[in-house]
Amino acid sequence: MLPIDAAAHSSRWRRRHPVDKAVLGLGLTLLAISLPPWPGAALVLIAALAVLLGPAGVPARRLWRSYKVPLGFCVTGAATLLVQVGGPEGLVALAPGGPARAGELLLRTSAASLGVLLFAFTTPMSDLLPRLVRAGVPAPVVDVALVTYRMSFLLLDSVRRIREAQAARLGHTTRAATWRSLGGLGATAFVRAFDRAARLQDGLAGRGYDGTLRVLLPEVRISGRFVAASLTLLAALATLTLVLHSYGKGS
């Protein structure tokens, strides 16, 4: 199981309805991309961090391990705004206003990423996907997503076991041995993936699979108080941003 999935299953908000957490997490994401980057995105980033490390109870180290990957993409995307290619100043030169635009983009994307992570760290996929059918998503689409989600963990486990076996047989001692082991890893994982898929199909057929995977879900209700508190927080962030932004323009 991936760290983010393990955190979602052990989250304090594990028993809350996905709609509750979607209002808060995806609402923060929408604010991050729609409000002025300063101070809007900065306020959203601070609020998302406070909720993740506070009420949601996500460990800081685990959050950083998952956040540094999208943050790397955010930094890479923002860095491209620092330079311009061609023009009177040469082939590659510093773009006029580049640092300001890069900083704004970095604020927007990093804050939006935290909003998505807030939803991901508190909502297991096994709770979310079956409920999508009730929301109108076609059942075959949800079934494919459920099987893919399950098979991805089996494939990762197979890859880990193969790598451990290769390392125990000194398969990574030299560069040539590493490349041979990598080729064997790919071939073995490919064969095992098809074997597991065939066994899964046989198992489903033996249990009377009729085209729909039926999953038992715990009965949870949408919390009016939680949704109201989330909307209040979102409204407060939007209002504070507009007030500070107007004050900054006026001064």
Side-chain angles (χ1 to χ4, degrees), residues 2-8 11 13 18 20-123 125 128 227 229-251:
L2 297 177
I4 194 169
D5 292 278
S11 171
W13 292 351
D20 295 349
K21 296 168 282 189
V23 170
L24 179 57
L26 302 185
L28 289 172
T29 301
L30 289 176
L31 287 183
I33 63 179
S34 59
L35 292 176
W38 180 262
L43 291 175
V44 171
L45 189 148
I46 295 172
L49 275 178
V51 173
L52 278 163
L53 300 177
V58 178
R61 182 174 299 180
R62 185 172 291 179
L63 174 62
W64 170 245
R65 288 180 59 187
S66 299
Y67 183 50
K68 65 182 180 182
V69 176
L71 183 61
F73 284 100
C74 297
V75 172
T76 303
T80 60
L81 299 179
L82 295 175
V83 297
Q84 64 178 8
V85 179
E89 298 182 2
L91 181 61
V92 179
L94 185 66
R101 291 198 299 270
E104 292 175 354
L105 179 63
L106 182 59
L107 273 177
R108 284 189 186 277
T109 53
S110 57
S113 299
L114 276 179
V116 175
L117 285 178
L118 173 59
F119 182 74
F121 265 105
T122 55
T123 310
M125 293 296 291
L128 174 64
V227 172
S230 300
L231 293 176
T232 301
L233 174 62
L234 297 176
L237 289 173
T239 303
L240 182 59
T241 298
L242 295 178
V243 170
L244 293 178
H245 188 66
S246 301
Y247 179 78
K249 282 187 174 181
S251 60

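Computed from a predicted structure; not experimentally measured.
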Roughly how far apart are W38 CH2 and L43 CG, rounded to 0.5 Å?
7.5 Å

Shortest non-hydrogen separation from A102 to L82 and the atoms involved:
CB-CD2, 3.7 Å

Could you tell me whether the side chain of T239 and the main chain of A236 form a donor-acceptor pair under 3.5 Å?
no

Would you compute the distance between atom OG1 of T109 and atom CD1 of I33 and round it to the nearest 0.5 angstrom?
11.0 Å

How long is the gap from CG on L52 to CZ on R62, to the nearest 0.5 Å?
13.0 Å

Smallest heavy-atom separation, A56 atom then S11 atom, equals O-OG, 3.9 Å

With sequence neighbours left out, the residues meeting ring-ring contact (aromatic ring centres under 6.0 Å, His included) with W13 are F226

Short side-chain to backbone donor-acceptor contact, T123 and A120, under 3.5 Å:
no

Any heavy-atom pair between the side chains of L30 and L26 that's under 4.5 Å?
no

Roughly how far apart are T122 OG1 and L24 CG, rounded to 0.5 Å?
8.0 Å

S113 side chain near F73 side chain, heavy-atom distance below 4.5 Å
no

Taking all atoms of both residues into account, what is the closest heavy-atom pair of V23 and L234, and its distance?
O-CD1, 3.6 Å

Heavy-atom side-chain proximity of L118 to T29 below 4.5 angstrom
no

What is the minimum heavy-atom distance between L237 and A47, and which atoms define it?
CD1-CB, 3.9 Å

Heavy atoms only: give me the nearest L244-P39 pair and the separation to one decimal.
CB-CG, 3.7 Å

Report yes if some heavy atom in the side chain of L114 is under 4.5 Å from a heavy atom in the side chain of L28; otherwise report no.
no

Spacing of CG belonging to L71 relative to OG belonging to S66, to within rounding of 0.5 Å
12.5 Å

Determine the minimum heavy-atom distance between R108 and P37, stating which atoms define it.
NH2-CD, 3.1 Å

